[in-house]
Protein chains: 2
Amino acid sequence: MAGIKEISKITGLSLATVSRVFNNSSLVSPKTRAKVMKAAASIDYQPNIMAASLRSGKSKIIGVVVPEVNNYFFSGIINGIEQIVSDSGYNIIISQSHESQEKENEALNSFLKLQVDGILISISKETTDFSSIQKIIKSNVPVVFFDRVPDLKNINSVTLNDYKGGYMATEHLLNENCKNLLHISGDSKVSIFGERQKGFLDAILNKNSIEYTIVELTSSIEMDREILKKTFETNPKIDGIFAYGDEMGLHVLNLLKELHIDIPGKVKLIGFGNANFSGLTQPKISTVDQECSQMGELTATLLLNTLKNSKSGPKTKVLSPRLIVRESSLSTKV
Amino acid sequence: MAGIKEISKITGLSLATVSRVFNNSSLVSPKTRAKVMKAAASIDYQPNIMAASLRSGKSKIIGVVVPEVNNYFFSGIINGIEQIVSDSGYNIIISQSHESQEKENEALNSFLKLQVDGILISISKETTDFSSIQKIIKSNVPVVFFDRVPDLKNINSVTLNDYKGGYMATEHLLNENCKNLLHISGDSKVSIFGERQKGFLDAILNKNSIEYTIVELTSSIEMDREILKKTFETNPKIDGIFAYGDEMGLHVLNLLKELHIDIPGKVKLIGFGNANFSGLTQPKISTVDQECSQMGELTATLLLNTLKNSKSGPKTKVLSPRLIVRESSLSTKV
DNA sequence: GTGAAAGCGCTAACAT
DNA sequence: ATGTTAGCGCTTTCAC
């Protein structure tokens, strides 16, 4: 591995000067800079980040923890992050928690050992013990939470207004003349699902003659199907469904087809998340967009700013969701 | 940041001894080891990987480059890799090329600067210039290619037998009595798509009275739809379609529904990749499974072995695909 | 089984 | 504008 020493030898300049060239210090003459760059090219020089980090205390690495990478929403966020971070000289490293508290802690520890300069994280559904997270915060590594945030004070966060999203989705069903709603909720202890549920309830509040059911599904899809089947049998008057996610929406679509219940004829359906397949189903699933790319960009920007002006106090940003009306929730075919 | 020095101070032992404890050197007495561990726990010690790497020349980091992370296949591979690597003490860092040669090179360079111990990569569709890759290989960082491999000699690789997959898919359509086949191909210059196409052609070879068409789609989905529409108009006798991927299969499904052509009644369809949504469509899409998890595991194992026995010569592994028959290709409804 | 000391490649005072 | 030098936190001979 050819290093800075080699370049110093070739050019006859000191290590310091060579180093300065690569750190864009203004205190180098153009001639010297050119000479160094030429030598660097000739030996195919790659700066050793490890050494630089060790000395400077800055690794130029940002750690990102997401529950799952194979997910339209999170991968959209990652793309947003990459976009912002790419020309700032930082590298990002991605870890998946696979919705496990343990793996999340492992990832966080790895990041610490790697001396990352900052951490971006959306916590797992399972995470209820925030001690690891608080350890990180105390260790003075800046953290920005996105989408799924822990219930802690004084943290940086970028979230979606899930309450509003739930409200909008429900309101849309009501506008389409649904009278008997079903909300298929995720685990309401997870912040985002709880908020969507609240939005659902508040949209119905004060509306007359609207009935509703809520089922909270947290198990396997096979079990969920059975529960839903029972729900439809018990409650055949259901004419509007708000599913907490598009994937669940797709399952509902298939289940109702099996039960020979027409969507949107008999029952209207709306999902959440604007997954890539939601516009490709039959009928196309109405949904709520989560502005993932924007969320990624904001999250990264927030961290980058914190990295610049060390102490600026915790910042919070809440994005507004966007209703996307497609075929599954419309009485009039499009 | 509490370091090894701190522990040395607390325990009264030398730096060397403390270091040995964390490196599982056998030359430490159990008593000493216990004392060190206790001290480490008391100050919440995290080893500094940067410093260790710098000194030892081993970063314990493996870099992974994939075209896209939001993709059932690649994320499956990543999971496979994680599984193998997790209890080996290595960290993995993931970069996306987004199918761009330039971003791929950037990722590779970042890895080099980070002094990764090894690289796992599936090259982008765009990559035709292998100079960056050859640079890495020459730099003695072990590389294992998976799925999409460059046309180079003496490389480690784990691939799917895409030829066989194409053959199987086509044979299946023939067995279902299709007489006029359409193969929707990806860019045949990309190794995997070229192989699938060859498999398609060979399966038809020597079969009597089978007609076929191949369209190679490499542009946007809107353009692709137009091309396909024309193809069906020009060639109304098509009764079997082999699409190079499940996403394209889904598009075909929707397009044919618009054109009021029944699947599988009038036309049989098979995709490739076993994407997560392919079993959730109406009808469910028949496909070819790529054994992604197994591929990830093998890829990681191959690298880990190379990392152990430095020079063992390039290894090559080819996996067999698995036919998954669902509704879209069956005459008899399931 | 343990310790002393050199040094990995680079940066950042400080000096010139 | 350039050079000298100390040292980041750890590993690793070599000595005892």
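Quick caveat: nothing in here was measured; it's all calculated off a predicted structure. By convention in this document, chain letters (A, B, ...) are assigned in the order of the sequence lines, proteins followed by strands, and residues within each chain are numbered from 1.
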I'd like to know if the side chain of [X] and the backbone of [Y] have a donor-acceptor N/O pair within less than 3.5 Å.
{"X": "Gln115(A)", "Y": "Ser59(A)", "answer": "no"}
{"X": "Thr299(B)", "Y": "Met295(B)", "answer": "yes"}
{"X": "Thr11(B)", "Y": "Ile7(B)", "answer": "yes"}
{"X": "Arg148(B)", "Y": "Ser122(B)", "answer": "no"}
{"X": "Asn156(B)", "Y": "Lys315(B)", "answer": "yes"}

Is any side-chain nitrogen or oxygen of [X] closer than 4.0 Å to OP1 or OP2 of [N]?
{"X": "Asn48(B)", "N": "dC8(D)", "result": "no"}
{"X": "Tyr45(A)", "N": "dG9(C)", "result": "no"}
{"X": "Ser19(A)", "N": "dC10(C)", "result": "no"}

Whole-Å gap separating [atom2] ([N]) and [atom1] ([X]):
{"X": "Asn23(B)", "N": "dG9(D)", "atom1": "CG", "atom2": "P", "value": "17 Å"}
{"X": "Lys58(B)", "N": "dC10(D)", "atom1": "NZ", "atom2": "C1'", "value": "16 Å"}
{"X": "Lys35(B)", "N": "dT2(C)", "atom1": "NZ", "atom2": "P", "value": "8 Å"}
{"X": "Ile49(A)", "N": "dC8(C)", "atom1": "CD1", "atom2": "C1'", "value": "16 Å"}
{"X": "Ile43(A)", "N": "dG9(C)", "atom1": "CD1", "atom2": "P", "value": "12 Å"}
{"X": "Gln46(B)", "N": "dC10(D)", "atom1": "CD", "atom2": "P", "value": "11 Å"}
{"X": "Lys9(B)", "N": "dG3(C)", "atom1": "NZ", "atom2": "P", "value": "16 Å"}
{"X": "Leu114(A)", "N": "dG9(D)", "atom1": "CG", "atom2": "C1'", "value": "14 Å"}

Could you check whether atom [atom1] of [X] has more than 12 heavy atoms from other residues, nucleotides or ligands sitting under 6.0 Å from it?
{"X": "Asn309(A)", "atom1": "CG", "result": "yes"}
{"X": "Lys317(A)", "atom1": "NZ", "result": "no"}
{"X": "Gln134(B)", "atom1": "CD", "result": "yes"}

Name of the residue among Leu152(A), Asn105(A), Val143(A), Ile119(A) meeting side-chain contact (heavy atoms from CB on, under 4.5 Å) with Ile133(A):
Leu152(A)
From the list [options], which nucleotide is the closest neighbour of the side chain of [X]?
{"X": "Lys5(B)", "options": "dC8(C), dC10(D), dC8(D)", "answer": "dC8(D)"}
{"X": "Ser56(A)", "options": "dT12(D), dT2(C), dA12(C)", "answer": "dA12(C)"}
{"X": "Ile4(B)", "options": "dC10(D), dG9(D), dA12(C)", "answer": "dC10(D)"}

Over its full length, what angle do the end axes of the helix from dG1(C)-dC16(D) to dT16(C)-dA1(D) make, each axis taken from five pairs and the result rounded to 10 degrees?
30°
Identify whether any heavy atom of Ser53(B) sits under 4.0 Å from a base atom; if not, whether one sits that close to sugar-phosphate; answer base, sugar-phosphate or nothing.
nothing
Donor-acceptor contacts, no H, no angles, side chain residues 48-58 of chain B, under 3.5 Å, sequence neighbours left out:
| from | atom 1 | to | atom 2 | distance (Å) |
| --- | --- | --- | --- | --- |
| Asn48(B) | OD1 | Met50(B) | N | 2.9 |
| Asn48(B) | OD1 | Ala51(B) | N | 3.1 |
| Ser53(B) | OG | Ile49(B) | O | 2.6 |
| Ser56(B) | OG | Ala52(B) | O | 2.8 |
| Ser56(B) | OG | Lys58(B) | N | 3.2 |
| Ser56(B) | OG | Lys58(B) | O | 3.3 |

Can you check nucleotides 3-6 of chain D for protein contacts, nitrogen or oxygen pairs under 3.5 Å, and list what you find?
| from | atom 1 | to | atom 2 | distance (Å) |
| --- | --- | --- | --- | --- |
| dG3(D) | OP2 | Ser14(A) | N | 2.8 |
| dG3(D) | OP2 | Ser14(A) | OG | 3.2 |
| dG3(D) | OP2 | Thr17(A) | OG1 | 2.9 |
| dG3(D) | N7 | Arg20(A) | NH2 | 2.7 |
| dG3(D) | O6 | Arg20(A) | NH1 | 3.1 |
| dG3(D) | O6 | Arg20(A) | NH2 | 3.3 |

